[in-house]
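Here is the structure we will look at, set down as structure tokens.
Start at 1 and go down the list; that is how both ligands and their atoms are numbered. Because the structure is predicted, anything quoted here is derived from the model rather than measured.
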Amino acid sequence: MKMLLNSKWVDRDRKIEVCDPFDNSVIDTIPASDEKDVELALDAAVRGFEITKRMTVYDRAQILYKTAQIINDRLEEFASIIAREGSKTINEARKEASRCVNTIACSAEEAKRILGETISWDSFPGGEKRKGFYYRFPIGVILAITPFNDPLNLVAHKLGPAIAAGNSVILKPATVTPLSAIKLVEAIVEAGFPPMGIQVITGQGSKIGDPLVSDDRVRMISFTGGVEAGKHIVSKAGIKKIGMELGSNSPVIVWKDADMQLAVESCVSGAFWAAGQNCIGVQRLLVHKDIYDEFKTRFVELTKTYKIGDKMKEETNMGPMITETEAKRVEEWVNEAVSRGATVLTGGGRSGALYEPTVLENVPDGVKLHYEEVFGPTVNLYPIDNLDDAIKEANSLPYGLLAAIFTRDVEVAFKAAYELDCGGVMINDSTDYRLDSMPFGGVKYSGLGREGLKFSLQEMTEPKVVCFNLPGI
Ligand code: NAD
């Protein structure tokens, strides 16, 4: 596939292969861009903004509605690209494609709600005779950098609101899963968006990242990815707006009165969705000691039924990790935990990039599997005996995206909702529940700012005040 630069789909002699991690077959290639391409993208994006900022809300919304329609009409094609280039099974990929339709359609709706307010100028002496208001204006060039794990919908979470707000965009999709993103841009252009308003630059983030993020023509960086790349980008960015959607190691509390079946099913799915490569994937399960043994038995039983393997088969529950290197990293982390006293209850095996869904207990504090984001198909069980300790444990690490609790007790639920230190608390769902229009983001190292269409639009627009001094009235 090609990059979109300066209104043209272009290729380059130097290419990067995009491979299916299940069998390493080459699906396609993408151009490996260089600094000249970065300059081309930046220059075109500035010119693109001169076009996009003059588009009416009606036109922006119509283009987004049409884009959503195009994706909906080709849902199976989009799902198949997601499944082939990444880790998701075909069923997981279908869900992502249909969420993307919703994300783009909601962006169209939100475009119509970019509103300002009047201002009470006379609320302080000296403001008499002033009348005025503020509008919200697009920011300018937005640099969108996206990760591999939701290769379509997380791109839509940046392009939809950026277009809705009237910005121009430079998209740098994940190097390993760029194809769904490029397909989405093709749909946006087909729907009538001026191609000069959107640049797609492909290649290694570590190579083209610095000249992109440090350039003053970029007015906002909207980044989703890991903490390490996030820290590096912040250190290079200079003075511009920054949105950061980073990782987590999500805690879920299962209280003694939980609906056992609901908790087991939700948490198994939440731990192993997309082979655990999910920023809100369940990593730490804090289970009340009164129900610990029953929960453990049922959780392990259900995990053992998981069929892993070929992503394109309807019956497969879990596919491979994104690369064999990543699967080996998880294997090392599990081995480290076991060498320090952890017990593997099921799983722990690896074949190439396939890592078995793995459940552990007795995982000590000082190992990576406990305190880092695992971003793989493993989950740790910990017995707890009171709510204060469970909340303290949940809050003890430097991440805070979503947290969750299973309980029927409204007071327990409220206490958890108020005291868990994170961007959202799910009650009677695992952390792996997200509505695309809800405010989404984290505290601590999990991020800066919020996504979720209405909230992204706030971040991607700036207020501009208009004040009339009218001495004659
Ligand atoms: P990553 O940080 O390795 O890469 C993310 C993107 O950044 C890729 O496009 C990559 O090419 C680019 N990149 C890497 N180094 C860069 C640099 N120096 N300058 C500019 N760009 C650079 O992340 P990943 O492995 O693709 O994704 C996994 C991570 O993403 C996990 O930590 C996960 O939690 C996080 N994530 C967060 C959310 C969220 O919404 N909070 C959602 C999905 C994934």
Side-chain angles (χ1 to χ4, degrees), residues 16 18 21 30 32-33 38 41 85-88 96 99 103 143-158 170-182 200-215 218 221-237 242-250 273-283 321-323 325-326 329-330 372-376 398-402 422-424 431-432 434 436 438-452 455-456 459:
I16 298 172
V18 181
I30 47 162
S33 58
V38 169
E85 69 175 338
S87 284
K88 286 190 173 168
E96 180 176 346
R99 278 180 61 185
T103 300
L143 171 61
I145 304 178
T146 52
F148 76 83
N149 61 309
D150 286 318
L152 180 67
N153 194 37
L154 290 179
V155 179
H157 264 286
K158 302 196 185 302
I170 301 174
L171 169 66
K172 210 306 279 165
T175 319
V176 281
T177 57
L179 306 180
S180 328
I182 296 173
V200 185
I201 185 157
T202 55
Q204 300 289 350
S206 50
K207 289 207 179 116
I208 55 171
D210 285 3
L212 278 170
V213 302
S214 59
D215 197 283
V218 171
I221 300 170
S222 176
F223 174 77
T224 301
V227 174
E228 283 318 306
K231 278 186 187 165
H232 180 82
I233 288 168
V234 170
S235 75
K236 296 282 171 189
I242 298 183
M244 289 268 147
E245 296 287 337
L246 306 175
S248 194
N249 52 7
S250 311
W273 187 264
Q277 299 158 116
N278 177 4
C279 58
I280 48 180
V282 177
Q283 183 170 342
M321 293 193 65
I322 194 67
T323 57
T325 311
E326 276 297 284
R329 173 187 61 77
V330 171
E372 293 280 7
E373 175 188 44
V374 63
F375 220 62
Y399 295 102
L401 195 48
L402 297 187
C422 55
T431 44
D432 186 27
R434 175 184 184 185
D436 289 290
M438 78 186 202
F440 184 78
V443 302
K444 301 189 269 186
Y445 279 167
S446 289
L448 289 173
R450 292 290 180 270
E451 289 198 341
F455 305 90
S456 306
E459 309 267 354

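- In terms of modelled atom types and a separation under 3.5 Å, the side chain of Q283 and the main chain of E372 share a donor-acceptor contact.
- Contact check on R329 versus E326 returns a salt bridge, with a Lys/Arg side-chain nitrogen under 4.0 Å from an Asp/Glu carboxylate oxygen.
- Heavy atoms of N149 found under 4.0 angstrom from ligand 1 belong exclusively to the side chain.
- Looking at residues two or more places apart in sequence or on another chain, you find a ring pair (Phe, Tyr, Trp, His ring centres under 6.0 Å) between F375 and F148.
- In summary, the atoms of ligand 1 found under 4.0 Å from a heavy atom of T175, numbered by their order in the structure, are 11 (O).
- Side chain to side chain, E373 and S248 fail the donor-acceptor criterion of an N or O pair below 3.5 Å.
- Only backbone heavy atoms of L246 (N, CA, C or O) come within less than 4.0 Å of ligand 1; its side chain stays farther off.
- Remark: ligand 1 atoms within the under-4.0 Å shell around heavy atoms of P173 are 9 (O).
- For the pair Q204 and ligand 1, the shortest N or O to N or O distance does not fall below 3.5 Å.
- Of all the atoms in ligand 1, the ones that sit under 4.0 Å from a non-hydrogen atom of L154 are 42 (C), 43 (C).
- Atom 3 (O) of ligand 1 lies below 4.0 Å from none of the non-hydrogen atoms of the protein.
- The shortest N/O to N/O separation between G203 and ligand 1 does not fall below 3.5 Å.
- When heavy-atom distances to ligand 1 are checked against a 4.0 Å cut-off, E245 comes that close through both its backbone and its side chain.
- In terms of polar-atom proximity, defined here as any N/O pair under 3.5 Å, F148 does make such a contact with ligand 1.
- With T175 contributing its side chain and G203 its backbone, the two residues share a donor-acceptor pair below 3.5 Å.
- At least one cation-pi condition fails for R450 and F440: the charged atom is not both under 6.0 angstrom from the six-membered ring centre and inside a 45 degree cone around its axis.
- Within the 4.0 Å heavy-atom criterion, neither part of Q277 lies near ligand 1.
- Considering backbone and side-chain N/O atoms, T224 never comes within less than 3.5 Å of an N/O atom of ligand 1.
- Against a heavy-atom cut-off of under 4.0 Å, A229 is close to the following atoms of ligand 1: 2 (O), 14 (C), 15 (N).
- Electrostatic pairing of K88 and D150 counts as a salt bridge here, judged by a charged N lying under 4.0 Å from a carboxylate O.
- At the shortest separation from atom 11 (O) of ligand 1 among protein heavy atoms lies K172 NZ, 2.7 Å.
- For a threshold of 3.5 Å applied to N or O pairs, the pair formed by I233 and ligand 1 contains no separation below that value.
- In terms of protein heavy-atom proximity, atom 42 (C) of ligand 1 is nearest to C279 SG, 3.1 Å.
- For the residue pair K236 and S214, no side-chain donor N or O sits within less than 3.5 Å of a side-chain acceptor on the partner.
- Polar contact with ligand 1: absent for S248 (N/O pair, distance under 3.5 Å).
- At under 3.5 Å, a nitrogen or oxygen of G226, whether backbone or side chain, sits near a nitrogen or oxygen of ligand 1.
- With a 6.0 Å cutoff to the six-membered ring centre and a 45° limit on the axis angle, K172 does not count as a cation-pi contact of F223.
- Counting only N and O atoms by type, the side chains of N278 and N149 include no donor and acceptor under 3.5 Å apart.
- Each of the atoms 18 (N) of ligand 1 lies under 4.0 Å from some heavy atom of H232.
- For S87, the side chain to side chain donor-acceptor pair (under 3.5 Å) partners two or more places apart in sequence, or in a different chain, are Q277.
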